[in-house]
Enquirer: 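This structure is in structure tokens; I'll ask about it shortly.
The figures here come from the full heavy-atom set of this structure, side chains too, leaving out hydrogens, waters and symmetry mates. Letters A, B, ... mirror the listed sequences (proteins, then strands); counts begin at 1.
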Amino acid sequence: RHVLWNGGIDVLGFGGDTMHMARLSDTGRMKYSLESLTEDLLGQRKVPMKEIFGEHRLRKDGSEGALVDLPPIERLQRELKSRENFIRYSAFDAKSTYNLYMHLKDRLLTMSWVKDLNLMDYYHMHMRPFGELLTDLERRGMLVAKDYLADVEQQAREDRRGHVQAFRQWAFKYLGADALAMNLASSKQLTTFLFGGSMNMKTKEPTEVENVFKMPRADISDEAMEAYRERDAQLKALPRDDGEVDEPEMDEFDQMKAGELKVLCKEYGLKVSGKKAELQQRLRGHFQLMASSDSTSDSVIDDYKSMSVQDLRDACKARSIETKGKKKNDLIKDLRDDDSFAREISAEIMKNPQKDSSATYRTISELLEEAVDTGENDALKNILAGIREKNAEEPKYVDVTIKSLGMEPDKFTVGGAPSATADVLRKLAGDPFADPPNYGRAYEFFGGGQEGHDACVAFFSLTAIGSIDTMIANFLTSLQTLADHQKRVHCSLNINTETGRLSSRKPNMQNQPALEKDKYKIRQAFKASAGNRLIVADYGQLELRLLASMTDCTSMIEAFEAGGDFHSRTALGMFKYIQDAVENGECLLEWDYGEGEPPKPMLKDLYASERRKAKTLNFSIAYGKTSHGLSQDWGVSQQEADAMLQAWYDSRPEVEKWQKETKATAKKYGLTRTLMGRYRHLPHAKEKNMKMLGHALRASINTPIQGGAADVAMMAMLKINNSELLKKLGWILLMQVHDEVILEGPEETSEEAFEEVLKCMQNPWVLGLDKTKVPLLVDGSCVHDNWYDAK
DNA sequence: CACGCACGC
DNA sequence: GCGTGCGTG
């Protein structure tokens, strides 16, 4: 539809979408591409374009690389070479799609939906229109304030710099210069620094106490480089410890390439063949020999016997020794004589050190220096000049060595290694800026006092950096680059989740920072266009309302019908002592603040932590979280988490009963269904593998909840998009975030439009979607200039 | 490319 | 639990 639209053709909708149809028949497939579907369902694979028209990308040397590029479509269509093939391809593509459509149609016709209808009915009635609706939303896009994003991006970068600076300066005390070069976006570096040496929970092996990271010089500040130079200078000035084995001194030969070494060997009449190390040794021997009087320099390598006659001749020539008519042994003798002569000369010089102070010990480097100064050897001169130049250049990479502080980790990654997520770092930091400060774990570790305080402040900075990084990369810069020439961003909306929820890409509109945590107010960047306003409306506890309705759970239905704070009511049901407190009048469950201050403390204040737990549990149930995940979040044992979950279920026995039945059905038939009767195949529910089985059974009870919410949201969106009233008032649907919708339209009609949106959302009922036993609560408001203000 | 981490509901 | 996307190594 988009492709035709871009070509100036507006089609109303689809005849069908093979991807959506295939997903409706089976959500468990890994791929829904035309290629994969035709291969599996029709037994006739549609060959991908890349395989037919692809061209291998050329390597630097001109040979064909592994990567295949697809030439621009315009070229394939117009160039004679590919044109006919392209037409055939396109026709086959269309035919495959049609065949696939017919195949999937037959399949959906055999799958029952509700009453005596089948899934093809479902497809025509709901899903096909929904597919069209999604392309409407994609085409409309959302207006973003690019200039605002640019400003905030600068601010975020400034904040980041401050935090990085703060942490590095603190870490300098423990890590020295390396702290200033550390990459704080690297979890590997961070975990090495904090927790290195601790046990990997999976492999049971200790983690590295020290790691060296190759960092690009360009990413390292001049300040850090200065610190490195200072450190190296101090190390050099330090007296050497006795007993320590010196690392062998590096010299210029170590830096020469094999070719260069060979040239020099030839120049100085030495054997040219052999390994690189042998060449180096030979040359060192030669230069020491030339300089030394030490008669023990017999150790100097004498390779003459193993050299070929031609090489020996070359060697002699290099030393101006006559070779005419000489045999191999003569050549060797002459060369050895020449060596002895050199030794004698050196010995003479050594006898009178005053005469020539250079006779003292000299390093290879010094010897080479002299050789260049005195000699006419151009090869040596050039090679050394090359090495000097290279050494003068700054290295492209700097080794950053990170040693562990040796702290105890308390959370681990999937791979068993210590984890450094924001919540771990928050625990270390505590709240050092509170009055009085509320220090975290780091305080004790660094011995309390000023040191402890400084550590907590540093860790506080660390908690901010990871978040700022995602804000910049994911939202601030990405939204600016994705906006079109009219400053609208067009995401791609996909029905590709296991439960039937939507997902959004490029950009992901569904993970924009939530209002409370939106430090940089990114939602402010999503605006209504000139003269227009936004309506934002969302369901309250949609999943839990559906769960209450599906399970016929008395306590939940009562709680929803009573209204008020659902999480407080959950806490009330879970903890006997809270129930008693409310019954005895010690605290209030609800209060109308319109009547002034409450006469007694509120439940949500008096039992704040219980309410928080209840709230987390409510979400966990809706999302299908496990007790394992819950224990991770709360930092408690799995038994404790299990006990809390049990407390939740105890006050809702109908839910537990429903879950049991649903799991049994999944085990028996290998499938589960959503509120609207969509299927989710769960082949692993029939399996023995405990891990897969557990997953499948959890999915079996979660999909009706999450998928049911997705069904409701879909129907509400269809109602909104089809509403004649909204059309008349000039309002259009822009976006959906699972249980939230956003519309844009003229300010004058916003109140009336808002009422209509609420109506659509509260009454999404259609064929296949029965009315729930609890009302669907919708929160929201209108007349907003941007998404953020819709709080 | 696997992984860890961040964001959302 | 379900998603997307980024940076690192």
Enquirer: Could you tell me how the ring of Phe560(A) sits relative to the ring of Phe566(A): parallel (under 30°), tilted (30 to 60°) or perpendicular (over 60°)?
Expert: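 Judged by the thresholds at 30° and 60°, the geometry between Phe560(A) and Phe566(A) is parallel.
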Enquirer: Does the protein touch nucleotides 2-9 of chain C at the base, only the backbone, or not at all? Give it as B, S and - per nucleotide, heavy atoms under 4.0 Å.
Expert: BBSSS-SS
Enquirer: So, is the end of the Arg23(A) side chain (NZ or CZ) under 6.0 Å from the ring centre of Tyr32(A) and within 45° of the ring's axis?
Expert: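 Yes - Arg23(A) lies over the ring of Tyr32(A), closer than 6.0 Å to its centre and within 45° of its axis.
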Enquirer: Is the closest basic N to carboxylate O distance between Lys660(A) and Glu656(A) below 4.0 Å?
Expert: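 Here Lys660(A) does not pair with Glu656(A) in a salt bridge, since their nearest N and O are not under 4.0 Å apart.
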Enquirer: Name the nucleic acid region contacted by Ala420(A), choosing base, sugar-phosphate or nothing; use a 4.0 angstrom heavy-atom cut-off, strictly under.
Expert: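 Sugar-phosphate contact only - Ala420(A) comes under 4.0 Å of backbone atoms but never of a base.
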Enquirer: I'd like to know if Glu744(A) pairs up with Arg488(A) as an ion pair, taking the criterion as any Lys NZ or Arg NE/NH1/NH2 lying under 4.0 Å from an Asp or Glu carboxylate oxygen.
Expert: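 Yes.
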Enquirer: What's Met471(A) touching, base or sugar-phosphate or nothing? Going by heavy atoms closer than 4.0 Å.
Expert: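 Answer is sugar-phosphate: Met471(A) comes under 4.0 Å of backbone atoms only.
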Enquirer: Inspect the surroundings of CZ in Phe460(A) and state if more than 12 heavy atoms from other residues, nucleotides or ligands are less than 6.0 Å away.
Expert: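 Atom CZ in Phe460(A) is not crowded, with 12 or fewer foreign heavy atoms closer than 6.0 Å.
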Enquirer: Here's a test for you: under side chain to side chain donor-acceptor pair (under 3.5 Å), which of Gln706(A), Arg678(A), His126(A), Arg501(A) qualifies with Asp711(A)?
Expert: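 Answer after filtering Gln706(A), Arg678(A), His126(A), Arg501(A): Arg678(A).
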Enquirer: When all nucleic acid strands are considered with a 4.0 Å heavy-atom cut-off, which category describes Gly415(A): base, sugar-phosphate, or nothing?
Expert: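 The answer is sugar-phosphate, as Gly415(A) gets under 4.0 Å only of primed atoms, P, OP1 or OP2.
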Enquirer: Centre of Trp634(A)'s six-membered ring, under 6.0 Å away, within 45 degrees of the axis: is that where NZ or CZ of Lys613(A) sits?
Expert: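 Checked: cation-pi criterion met.
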Enquirer: Name the first nucleotide and the last nucleotide along DNA chain B (5' to 3') that come under 4.0 Å of a heavy atom in chain A.
Expert: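 In short, chain A contacts DNA chain B from dG4(B) to dC9(B).
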Enquirer: Any salt bridge (charged side-chain N to carboxylate O under 4.0 Å, His left out) involving residues 461-484 of chain A? Give me the pairs, sequence neighbours left out, ordered by first then second residue.
Expert: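 Sorted result for residues 461-484 of chain A: Arg160(A)-Asp469(A).
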Enquirer: With a non-hydrogen cut-off below 4.0 angstrom, is Thr626(A) in contact with a base, only sugar-phosphate, or nothing?
Expert: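 Result for Thr626(A) = sugar-phosphate.
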Enquirer: Would you mind classifying the nucleic acid contact of Gln512(A) as base, sugar-phosphate or nothing, using non-hydrogen atoms under 4.0 angstrom?
Expert: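 The answer is sugar-phosphate, as Gln512(A) gets under 4.0 Å only of primed atoms, P, OP1 or OP2.
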